[in-house]
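Have a look at the structure below, then the notes.
Remember, it's 1-based here, ligands and their atoms both numbered in the order they're listed.
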Amino acid sequence: MPSERGRHRLLLDADTGIDDAIALLYLLGTPDVTLEAITCTAGNVGARQVAANTLALLELCGSSGVEVALGSEVPLEIPLVTTEETHGDQGIGYAVLPPPRGGISARHAVDVWVEAVRNHPGQVTGLVTGPLTNLALAIRAEPQLPMLLKGLVIMGGAFNYPGNTTPVAEWNTHVDPHAAREVYAAYEGLPVGKLPIVCALEITERIECTPAHVDAVSRAAGAGAEILDPDEAEGTRSTNGNAVVACVSDALRFYMEFHRLYDQGYVAHLHDLFAAMVATGEAGFDERLATVDVETGSSLTFGQTVADFAGMWKREPNARIVTGNDPAAVFELMVRRLSQVARLHG
Ligand code: RIB
Ligand code: CA
């Protein structure tokens with residue numbers, strides 16, 4: 001018998017990376033969430049490393065039954081660029097996890113997405129926390145996919161806000177702007193309830209994780225204090241006896257050192273965590289309808305996401321752009337959910 005399915009049936013496509021990992025732990029700790037599968041796209045690190053990280057995190061948290069499928073290892077048109085500088089050589093910062101015992105699915109990511117929506121029309125919500133390559137390929141394979149999904153949440157883009165990869169472009173979009181352009185175009189004119197909810201940098205950089213948040217997760221898990229001291233030597237590893245707390249701490253320490261290096265403070269922007277909370281319906285947010293397009297022709301603004309909120313282009317809306325959120329509520333929930341996972345599996 002299939003396991004009891006939760007109210008929220010999610011299909012996650014990730015480039016597991018540090019904040020993807022935190023988002024995954026949150027999802028695993030959230031009641032009523034069923035992960036239909038996790039598909040892996042190249043982005044922060046190569047797709048095969050993404051799959052290995054994802055499998056290892058699932059096994060760390062006692063969820064080895066979730067299907068993990070490999071997707072595209074390269075963007076649609078341009079060479080792959082990864083960012084080990086941001087997420088570490090393996091993609092989860094300083095965290096080191098046992099090599100996963102399980103393997104990747106025999107199915108390709110595109111087949112996972114297409115078969116999920118055809119078999120369960122209107123029941124599965126998509127959540128993409130990496131480049132949109134796999135989703136673009138899935139829509140090519142099944143043009144009805146946007147209508148067959150229950151909904152879609154995307155972490156990506158930056159609207160009237162500085163990029164984190166170029167002065168105007170955000171990472172997920174910049175890795176594969178052609179895929180992003182195809183995805184947004186596929187949604188033009190669809191019913192508002194089907195349009196992607198877009199969590200872009202101007203909203204996700206408000207989700208600023210500090211050492212106090214990590215300490216709160218550890219204490220709530222009964223694992224004692226977990227102090228990420230910015231004055232400690234870079235690369236200091238956690239000595240926490242709880243394996244989940246130690247993984248979170250070592251991953252986020254790397255991310256905080258990276259943010260400090262770029263004068264953002266000893267913090268970690270948890271972009272994907274917020275997108276995951278939007279997908280489960282647990283994060284409150286404000287939104288505005290817009291028509292989004294992506295620059296793919298200019299060397300100066302390559303990968304920039306542009307939103308028309310006023311109908312200037314005379315094109316139908318294709319996105320629900322998040323315009324407001326509550327960071328304190330996000331972190332209160334993060335502490336609750338991650339400490340629960342750590343208490344059960346650490
Ligand atoms: O720009 C932030 C996004 O790029 C996040 O999804 C992060 O994981 C990286 O993939
Ligand atoms: Ca990501």
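- Side chain of Asp32 to main chain of His8: no donor-acceptor pair is present (N/O by atom type, distance under 3.5 Å, no hydrogens or angles).
- Within the listing of ligand 1, atoms 8 (O) sit less than 4.0 angstrom from a heavy atom of Asp20.
- Nearest protein neighbour of atom 4 (O) of ligand 1, counting heavy atoms only, is Trp171 CD1, 3.1 Å.
- Between the OG1 atom of Thr173 and the OH atom of Tyr184 there is a distance of 6.0 Å, given to the nearest 0.5 Å.
- Within ligand 1, the atoms closer than 4.0 Å to a non-hydrogen atom of Glu170 are 1 (O), 2 (C), 3 (C), 4 (O), numbered from 1 in the order shown.
- Nearest to atom 6 (O) of ligand 1 among the protein's heavy atoms is Asp272 OD1, 2.7 Å.
- Taking CG from Asp250 and CD from Glu226, the interatomic distance works out to 7.5 Å, rounded to the nearest 0.5 Å.
- Within the listing of ligand 1, atoms 2 (C), 3 (C), 5 (C), 6 (O) sit less than 4.0 angstrom from a heavy atom of Met155.
- Protein heavy atom closest to atom 9 (C) of ligand 1, with residue, atom name and distance, is Asn44 OD1, 3.2 Å.
- Looking at Arg315 and Asp308, no side-chain N of the basic residue comes within less than 4.0 Å of a carboxylate O on the acidic one, giving no salt bridge.
- Looking only at heavy atoms of the protein, atom 7 (C) of ligand 1 is closest to Asp19 OD1, 3.2 Å.
- Using a cut-off of 3.0 Å, one finds that Asp19 contributes no N/O/S atom close to the Ca ion (ligand 2).
- When all heavy atoms are compared, the tightest approach of Cys209 to Met334 is SG-CE, 4.3 Å.
- Proximity of Thr83 to ligand 1, defined as any heavy-atom pair under 4.0 Å, is not found for any part of the residue.
- Vertex the Ca ion (ligand 2); arms to Thr129 atom O and Asp20 atom OD1; angle 130° (nearest 10°).
- The atom name of the N/O/S atom in Asp15 closest to the Ca ion (ligand 2) is OD1.
- Each of the atoms 6 (O), 10 (O) of ligand 1 lies under 4.0 Å from some heavy atom of Thr129.
- With respect to the Ca ion (ligand 2), Asp272 has OD2 as its nearest N, O or S atom.
- A cation-pi arrangement, defined by a distance under 6.0 Å to the six-membered ring centre and an angle within 45 degrees of its axis, is absent between Arg337 and Tyr26.
- With ligand atoms numbered from 1 in the order given, ligand 1 contributes 2 (C) to contacts under 4.0 Å with heavy atoms of His271.
- Taking the six-membered ring for Trp and the full ring otherwise, the centers of Tyr255 and His87 sit less than 6.0 Å from each other.
- Distance check: Arg140 CZ to Leu135 CG gives 11.5 Å after rounding to the nearest 0.5 Å.
- Proximity of the aromatic rings of Phe254 and Phe258 is defined here by a centroid distance below 6.0 angstrom, and this criterion is not met.
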